Amino acid sequence: MLNKDHPRYESLLYRQKIVEAHKNGILADSGLIAHGRGESYDYLIGEYTTDNAKNTINVSACYFLTRKNPVLSVNGNTTALVAEDIAQLSKLLDIPVEINLYYRTDERVRRIEEVYKALGVEQILGTNDDEFIDTPELNGPRSPVSIDGISKSDLVFIPLEDGDRAEALTKLGKTTISVDLNPLSRTAVTSTVTIVDNIVRAVPELIESVKHYQDYDRKELQKIIDGFSNKTNLDNSIKHIIRNFE
Ligand code: ATP
Ligand code: MG
């Protein structure tokens, strides 16, 4: 049992979720390591959503509300930490969830599918029944994407994505919105929009932002998008970390 008075209670709670997901066959071994890398950056950021990240989340909400076919790409870590929020976002925007694993196995896909089904998500793609197409320039089990999902989409939400895949999707002309605590990762650098924040804080905040902007005029949303620079966003994120060292 975790003690709520522990100064690192929340961090321990998420670790426990990660460990449970690993035991339940949802998370690959390397997912444990990826979580650790994320934690270290979160420590440097100060474990809160910065104003810069909030702004980026608002820009992301504007993108979701102006694109035709957004897809929420999910992996083991995302499912372990924020499956409920992903289900809520999928319902709010009426968009599919696509299971998209780096180390894809039928068993892991089935387990993850069960999680989203139990949460009432109706549009689940990337399952073992789906039809796939390979992503150009990527090989192995990380390459296939759903023909009805990511392949046709104009906007892909890629929390905790690998750099090669993020780059391949951007090269295909997709708008990519990533969530990555490391502002220096290839994913962060190659995405259209990079939310430098912990996914456990970013997705609930994104839901609130979508609710806030959903009745705005399209032109106003586009203006917010046009005023955004991901380069400035990443520079601000790095400066924030440097300031914490001073
Ligand atoms: P890249 O492949 O993009 O160059 P990487 O190899 O370091 O970077 P991966 O291990 O492929 O990245 O993916 C894990 C990424 O997810 C890391 O950048 C890590 O900081 C980030 N990450 C891990 N946990 C979280 C979390 N809870 N919230 C946000 N980001 C996270
Ligand atoms: Mg990587």
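This structure is a prediction, so every number in the text was calculated from the model and none was measured. One-based numbering, in listed order, for ligands and for the atoms of each. Just so you know, these numbers use all the heavy atoms, side chains as well, and skip hydrogens, waters and symmetry mates.
Between Arg186 and Asp164 the shortest heavy-atom distance is NH1-OD1, 2.7 Å.
For the residue pair Thr192 / Thr175, no side-chain donor-acceptor distance below 3.5 Å is found, with atom types taken as modelled.
For the Mg ion (ligand 2), protein N/O/S neighbours under 2.8 Å (waters excluded) are Asp162 OD1.
Put simply, atom 4 (O) of ligand 1 has protein non-hydrogen atoms near it, under 4.0 Å away.
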Item to complete: May I have the step-by-step check of salt bridge (Lys or Arg N to Asp or Glu O under 4.0 Å) for Asp235 and Lys231, ending in yes or no?
Response: CA-CA 6 Å; Asp235 285 349; Lys231 167 90 174 67; 2.9 Å; yes
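A salt bridge between Lys54 and Glu208 is absent, with no side-chain N of the basic residue lying under 4.0 Å from a carboxylate O of the acidic one. Salt bridge Asp148/Lys152: present, at least one basic N to carboxylate O contact under 4.0 Å.
Where the criterion is an N or O separation shorter than 3.5 Å, residue side chain and backbone included, Asn198 meets it with respect to ligand 1. Considering backbone and side-chain N/O atoms, Asp164 never comes within less than 3.5 Å of an N/O atom of ligand 1. For a threshold of 3.5 Å applied to N or O pairs, the pair formed by Leu81 and ligand 1 contains no separation below that value. For the pair Leu160 and ligand 1, the shortest N or O to N or O distance does not fall below 3.5 Å. Taking distance alone, with nitrogen or oxygen atoms compared against 3.5 Å, Tyr41 stays at or beyond that limit from ligand 1.
Summary of contacts: the protein heavy atom closest to atom 7 (O) of ligand 1 is Arg37 NH1, 2.3 Å.
Note on ligand 1: Asn77 sits outside its first shell, no heavy atom being nearer than 4.0 Å. Contact annotation: Val189 has no heavy atom less than 4.0 Å from any atom of ligand 1.
For residues 49-77, the ring pair (Phe, Tyr, Trp, His ring centres under 6.0 Å) pairs, not counting sequence neighbours, are Phe64-Phe157.
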